[in-house]
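Pasting a structure here, questions to come.
Protein chains get the first letters and strands the later ones, always in sequence-line order, with residue 1 at the start of each.
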Number of protein chains: 2
Amino acid sequence: MAEAKFLIIKQFITRQIESRVWAENAKVPSENELANQFGVSRMTARRALQELTDEGVLTRTQGLGTFVASLKSKSSILEIRNIADEIISRGHQHHCVQIKLEAVKATAPVSIALEVEEGSIIYYSQLIHCENSVPLQLEDRFVNPRLVSDYLAQDFSQTTPHTYLSQMAPLTQAHHTIEAITPEPFQCKLLKLSGLEPCLQITRKTWSVKGVVSYARLTCPGTRYRLDSQLTF
Amino acid sequence: MAEAKFLIIKQFITRQIESRVWAENAKVPSENELANQFGVSRMTARRALQELTDEGVLTRTQGLGTFVASLKSKSSILEIRNIADEIISRGHQHHCVQIKLEAVKATAPVSIALEVEEGSIIYYSQLIHCENSVPLQLEDRFVNPRLVSDYLAQDFSQTTPHTYLSQMAPLTQAHHTIEAITPEPFQCKLLKLSGLEPCLQITRKTWSVKGVVSYARLTCPGTRYRLDSQLTF
DNA sequence: ACAAAAAACTTGTATATACAACCCCAAGTG
DNA sequence: CACTTGGGGTTGTATATACAAGTTTTTTGT
């Protein structure tokens, strides 16, 4: 049950930092110093320092030394899950109602987002995700036809665009914005809303290695949907 | 300029995976096999496998072997930044208007969130974050007095509650929810809103090692504020 | 035939060693 | 003075070796 040596050194270092003995940006003992102090080989001391560096606790620069990383105001992160997974993991039933699936001309804002020429032909899908038959999210999606040529041939009552697209072109990057909006009349109608309730609007732009894959606008009624996230540091 | 040997092996492995030569959960050559194949020592091959494991690309179990990790439907991540940092990084001016800072009795929902007894004394602060003198976020915050005893002695026109709390009790966990709401009259008044515009409401619950530190409700006008995040996989 | 023991293979930890690459500073050089 | 050179300290890469510990397969013993 005796703990590994490099773990003991890691603990020692993190405790020095947490108890403010070693301040931010302070110099940490070198590999050789730690090795002598703890009676281990340099490689073992090195491992402790290296892992803490990978974890963002320390920073190291060759020739200079090892230092306590600046703690920087920890910005939390929120997981944005695929809504289908989310519904299913709640033990509820998910299904899509496909409303539109067609080729359209790119308007100015969409062409900028997709990085294609204004007026060029792109693919557009509109569908509603339902949880136990209640509309939960309206998905308007614009897809780059150069990267996903047979998008229009799909049937999105079976698989969602998101899962289809991630299979076709693995994501390398994503950009999200989240806003609170007052829904447009057509959105109210599709989501069966009275009209006065605010909506969460998530826009999601995704890249693969070859370029912008798709640009989606996800609209969710504020009374029915909520983004949720639990995380540990 | 020649690349390091362990990097070459890492590249080799990731390419096998990306090109679907090695499927999900497939067995990866052992340390010794890779060492022979690439003419390096076992420790070097090991390093490649280890780093890819740390990065979540592979999984390893002692005695069994190394395997391609399941790709799992990539759920994206959104960064929730401290609003003060956010404003400052935009090059704008940030300042707080402290409205309330007092001890109150915990109501039922707050007592549950803070994990204290209903009716017990807790600390409460209410303040507004302004960007260039425009109200951008209303912050209602409830603080556990057992963990942060001198909260009421602070002056939050200088430092924000968030930075003060993270200094006093380093975060170990956080929970967020994001909703779109119609603001209450008192919120409209404080944020100088006309009343009909929807708001983003973020509730943030944070833990330190000793327990629940604080429970905050952040209300932002939908027309002035937007959550934003860019990330690479 | 069944069970226990051993062997073979795997990853995990630890060490000693060598050299490369980089930074800083001081001593020497023009 | 300005510049170069070198030395000492530091992290980075790579190797060979040894043993521990876990899993699977094979062998052995009853």
Can you tell me if A:Lys210 has over 12 outside heavy atoms packed within less than 6.0 Å of its NZ? no
Chain A footprint on DNA chain C, 5' to 3' - any atom under 4.0 Å from a heavy atom: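 Span of nucleotides near chain A: C:dT13 to C:dC23.
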To the nearest 10 degrees, what angle separates the axes at the start and end of the helix from C:dA1-D:dT30 to C:dG30-D:dC1, five pairs each? 20°
Judged by modelled atom types alone, do B:Gln93 and B:Asn132 share a side-chain donor-acceptor pair under 3.5 Å? no
Name every residue in residues 37-50 of chain A that has at least one heavy atom under 4.0 Å from any atom of DNA chain D, in order of residue number, or write none if there are no such residues.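 A:Arg42, A:Met43, A:Arg46, A:Gln50, in order of number.
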Write down the distance between CG (A:Leu7) and P (D:dA20), rounded to a whole number of angstrom.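 The answer, rounded to whole Å, is 19 Å.
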Show me the donor-acceptor pairs within less than 3.5 Å that the side chains of residues 212-219 of chain B make with the rest of the protein, sequence neighbours left out.
{"unit_1": "B:Ser214", "atom_1": "OG", "unit_2": "B:Arg141", "atom_2": "NH1", "d": "2.9"}

Among all residues two or more places apart in sequence or in another chain, which pass the side chain to side chain contact (heavy atoms under 4.5 Å, CB included) test with B:Cys96? B:His94, B:Leu127, B:His129, B:Thr160
Quick check on DNA chain C: between A:Leu64 and B:Glu33, whose nearest nucleotide comes earlier from the 5' end? B:Glu33
Electrostatic pair B:Glu33:B:Lys27 at N-O distance under 4.0 angstrom: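 Result for this pair is no, no salt bridge flagged.
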Taking NZ, NE, NH1 and NH2 as the nitrogens, is one of them in B:Lys10 or B:Glu55 under 4.0 Å from a carboxylate oxygen of the other? yes
Hey, does the side chain of A:Gln98 reach the backbone of A:Phe156 with a donor-acceptor pair shorter than 3.5 angstrom? yes
Can you name the residues that form a side chain to side chain contact (heavy atoms under 4.5 Å, CB included) with B:Asn25, not counting sequence neighbours? B:Ser70
So, does A:Tyr123 use its side chain to make a donor-acceptor pair with the main chain of A:Ser149 at under 3.5 Å? yes
Under the side-chain contact (heavy atoms from CB on, under 4.5 Å) criterion, do A:Ile13 and A:Trp22 qualify, and how do the steps go? CA-CA 9 Å; A:Ile13 295 174; A:Trp22 294 347; 3.8 Å; yes
